Number of protein chains: 2
Amino acid sequence: MNKTMTKGAAALPLNAILGGNCIEVMAGLPANSVDLIFADPPYNLQLKGQLHRPDNSKVDAVDDHWDQFDSFKVYDDFTRAWLREARRILKPNGSIWVIGSYHNIFRVGSALQDEGYWILNDVIWRKSNPMPNFRGKRYTNAHETMIWASKSEGAKYTFNYEALKALNEGIQMRSDWVLPICTGHERLKNENGDKAHPTQKPESLLHRILVGSTNPGDVVLDPFFGTGTTGAVAKMLGREFIGIEQEEAYREVAAKRIKAVRKFDREALQVSASKRAEPRVPFGQLVERGMLRPGEELFSMNQRHKAKVRADGTLVGGEVKGSIHQVGAALEGAPSCNGWTYWCFRRDGKTVPIDVLRQQIRAEMQA
Amino acid sequence: MNKTMTKGAAALPLNAILGGNCIEVMAGLPANSVDLIFADPPYNLQLKGQLHRPDNSKVDAVDDHWDQFDSFKVYDDFTRAWLREARRILKPNGSIWVIGSYHNIFRVGSALQDEGYWILNDVIWRKSNPMPNFRGKRYTNAHETMIWASKSEGAKYTFNYEALKALNEGIQMRSDWVLPICTGHERLKNENGDKAHPTQKPESLLHRILVGSTNPGDVVLDPFFGTGTTGAVAKMLGREFIGIEQEEAYREVAAKRIKAVRKFDREALQVSASKRAEPRVPFGQLVERGMLRPGEELFSMNQRHKAKVRADGTLVGGEVKGSIHQVGAALEGAPSCNGWTYWCFRRDGKTVPIDVLRQQIRAEMQA
DNA sequence: GTAAGCCGTGAATCATTCA
DNA sequence: GTGAATGATTCACGGCTTA
């Protein structure tokens, strides 16, 4: 299953789990090469010795001067360093997801903005079965926060709007997702029955992220791979993955897990497409093909206006001449108008939107 | 109703709305004197052009001068300055709530931590009726984030656990609160009918915060008072308030509003628990959660039709694609169809209606 | 009087292609 | 690169009008 893809000087190892420090490993990967990054970085701000400064010098675990400020400083430096490498690797139209809790997410969000990413949404994972607060001293910590950002302002990121709307039964997907935490058979265990990883994320979370922000064949990088939830879901959904994980024990669990995953069949991976992707049909073609006759009258959806079709596919309505969109906008006094859904024609006493004719043409094109 | 309370050198004006810049005004207030701070600072939205709805009406966006900042640096400096003064004024066991969106909340959260506050929870306000995303380019922005923090680590902050549990029908209050946005009669209007303030917060939000984090008689400071929601709810609940607001027009509206507020009598607090309809469960969630696999076949109740599940929660049955309801209706030649009771899946040789899976999810949600 | 339907609106970083 | 043309896009409520 492993492949490599050559991009510029360095090669991009696909469907592989790489060992080592994620900042160093990412530094060896080619620029502008991955479509999506999902990152679940360490939350704990008291990591001390486990963290490296951006220059890779180790933080002294027995430093007497260790205090809260140092702690934030080191965490911020670490965060900025990995986010910088991640951004270099990301394709110009790629996007990143980062998950965290109130311990670290504000540091991460600020760093994302400072490094030039452009935040698209913050999304709340609302846990349907969180651990209660036993001491009754605070609110039940029932959610985690995810940040979705593009590489830069104005980038054309992937967002499968229709697919997400379909996932949500026809209503556009919101920024709060109700999903259970990872338990039961999905939760990976060691031989001794302990959980294999303390913060294993549910596959449902990655499913929604990958369906929404990638297309089949896209490359997904996870720099804090853990037990490989990102890789497992990527494989199911026909995406390529690259995992980076420092701990050998986790790499082993992840490799075994992903090996057992079956990819969904091709038909199942097809997802509701956006109308923007449909081929463009000029209105004039309806006239050329005789679906509408020059001189025929069209009526606005609200029955308040009418216009006449001309041989070149423009309309005349009152004083206004122009495209179906221009005439519709002018008659309504609106800044814009979708002529396809605005205008109707009459056949056998019935009023039919002209969009029906466009759909006929599109159906023929596919056949 | 106004009183003053002398603390050290300066006097603490109670139940007053102070004009001027909040940083300067706070600088004139005595240290360690207020029990709670609620702050709804400018979000720094950075909006570009005009946004239209699909019906071509204009979205009345926040374009006020007070929300404009030249850069993150300027915004950060402003944030740190007011948070520093706020912390000085706060009693050692007091706490602070700050609300924001992804535009600013990460800056605010980092600043809180850097200034020495200790974050207790981040709390999500899940809006039951948010404005949709009109262009289909992102997730519906359906929530805002609040941060609750004590003055320092180890402080003995107020948390009325039992009162909140009672508010939540006997279940421990979680970090996500579902509340509607401020509309209807509660929304303050100018004489011309326009909204008096672009971002008025619902009283329900402040109600929960004040019940949870203060006791009767406590002093609540709001440095971005706006139209005085904090003051109004504080008065209802028998707390003292101090408001700071730069814009005279807002101060006038707030003063008038608060004057009309009556302190609660017990009876008014009794709110009939609204019977909620059963929560809607999108079919896609069964797929995301692995209860049904993409590619798996479903069978109609009458065994006459079958269809395949796709990754986005739509079905393919013969030539027909769409939701469980749409495909069921099409295959039956019926105008409509309840897909939940129409489709079945097979497990261990048995045929089971998919509605069983929905009931499982609902049971989890209620637990 | 009541029910059904239309209209307005809310903290929004909200387009893409072709000439 | 710039500007014009095409044409895609909304959920939950509250208030008011009409039947």
Side-chain angles (χ1 to χ4, degrees), chain A residues 113 117-122 148-150 152-157 159 161-162 165 168 170-175 274-284 302 313-314 322-326 328-329 334-343 354-355 358, chain B residues 40-64 66-69 72 99-105 125 127-145 178 180-187 189 193-195 197-202 224 226 280:
Chain A
Q113 292 177 314
Y117 290 94
W118 189 249
I119 297 183
L120 299 167
N121 278 114
D122 59 336
W148 178 41
S150 61
S152 53
E153 184 179 357
K156 291 183 188 130
Y157 54 88
F159 182 60
Y161 177 75
E162 292 293 344
K165 192 168 168 178
N168 198 30
I171 294 164
Q172 75 176 199
M173 188 71 81
R174 302 169 33 123
S175 60
S274 161
K275 284 181 194 157
R276 287 179 232 264
E278 301 224 50
R280 194 172 275 226
V281 176
F283 175 73
N302 57 23
T314 56
S323 72
I324 51 172
H325 315 295
Q326 290 166 335
S336 71
C337 169
N338 184 344
W340 288 108
T341 52
Y342 180 75
W343 294 109
I354 59 172
D355 204 35
R358 180 170 67 161
Chain B
D40 181 9
Y43 287 9
N44 188 23
L45 286 185
Q46 310 171 64
L47 300 178
K48 301 289 190 306
Q50 173 67 55
L51 179 63
H52 294 268
R53 301 166 200 269
D55 66 1
N56 279 317
S57 65
K58 281 186 184 172
V59 174
D60 184 13
V62 178
D63 54 3
D64 305 74
W66 48 255
D67 198 47
Q68 314 291 332
F69 294 83
F72 281 132
I99 184 167
S101 67
Y102 66 85
H103 309 84
N104 73 322
I105 198 66
W125 169 25
K127 303 179 184 182
S128 54
N129 50 347
M131 182 158 59
N133 184 293
F134 296 117
R135 315 306 290 258
K137 302 305 289 182
R138 302 182 178 195
Y139 297 92
T140 307
N141 230 314
H143 74 277
E144 293 189 29
T145 300
V178 182
I181 62 175
C182 183
T183 56
H185 291 300
E186 190 185 324
R187 188 84 197 208
K189 302 279 166 62
D194 293 344
K195 52 191 175 190
H197 192 283
T199 71
Q200 189 184 338
K201 296 292 174 286
F224 305 96
R280 196 177 52 87

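Computed from a predicted structure; not experimentally measured. By convention in this document, chain letters (A, B, ...) are assigned in the order of the sequence lines, proteins followed by strands, and residues within each chain are numbered from 1.
Listed pair R135(B) / dT13(C) fails the phosphate criterion, with no side-chain N or O lying under 4.0 Å from OP1 or OP2. A sub-4.0 Å separation between OP1 or OP2 of dG7(D) and a side-chain N or O of H325(A) is present. Remark: K165(A) is not in phosphate contact with dT9(D), judged by side-chain N or O atoms under 4.0 Å from OP1 or OP2. Of the side-chain N and O atoms in R358(A), one or more sit less than 4.0 angstrom from OP1 or OP2 of dA8(D). The side chain of K137(B) places no N or O atom within less than 4.0 Å of a non-bridging phosphate oxygen (OP1 or OP2) of dT9(D).
At a threshold of 4.0 angstrom between heavy atoms, the contacts of R174(A) with the nucleic acid are absent. Using a 4.0 Å heavy-atom distance criterion, K201(B) is classed as a base contact. K275(A) comes within 4.0 angstrom of sugar-phosphate atoms only, judged by non-hydrogen atoms across all strands, and of no base. N44(B) comes within contact range of no nucleotide atom at all, as no heavy-atom separation falls under 4.0 Å. Note on S101(B): nothing from the nucleic acid sits closer than 4.0 angstrom, heavy atoms only.
Counting to the nearest Å, the C1' atom of dA12(C) and the CG atom of D63(B) are 12 Å from each other. With rounding to whole Å, R53(B) atom CZ is found 19 Å from dA15(C) atom C1'. Between the CZ atom of F159(A) and the C1' atom of dA15(C) there is a distance of 14 Å, rounded to whole Å. Between the C1' atom of dC11(D) and the CD1 atom of I181(B) lies a distance of 10 Å, rounded to the nearest Å. Taking atom CG on N302(A) and atom P on dG5(C), their separation rounds to 19 Å, with Å as the unit.
In this model, no side-chain donor or acceptor of W340(A) finds a partner on the base of dT6(D) within 3.5 Å. Between the side chain of D40(B) and the base of dA11(C) there is at least one donor-acceptor pair of N/O atoms closer than 3.5 Å.
The aromatic ring of F134(B) is not stacked on the base of dC14(C), since the criterion of ring centres less than 5.5 Å apart with planes inclined by under 30° is not met.
Listed nucleotides dC14(C), dG15(D), dT13(C) differ in distance to H185(B); the shortest reach to its side chain belongs to dG15(D). When the nucleotides dA12(C), dT10(D), dT6(D) are ranked by their closest atom to the side chain of A61(B), dA12(C) comes out on top. Set against dT13(C), dA8(D), dA11(C), the side chain of V62(B) has dA11(C) as its closest nucleotide. Each of dG10(C), dT13(C), dA11(C) was ranked by its minimum atom distance to the side chain of L47(B); first place goes to dT13(C).
Between F224(B) and W66(B), the distance separating the two ring centers is not shorter than 6.0 angstrom.
A glycosidic torsion no more than 90° from 0 defines the syn conformation; dT6(D) lies beyond that range and is anti.
Under 3.5 Å, the side chains of H325(A) and S323(A) contain no donor-acceptor pair of N or O atoms.
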task: Please lay out, stage by stage, how E144(B) and Y43(B) fare under the test side-chain contact (heavy atoms from CB on, under 4.5 Å).
output: CA-CA 11 Å; E144(B) 293 189 29; Y43(B) 287 9; 2.5 Å; yes
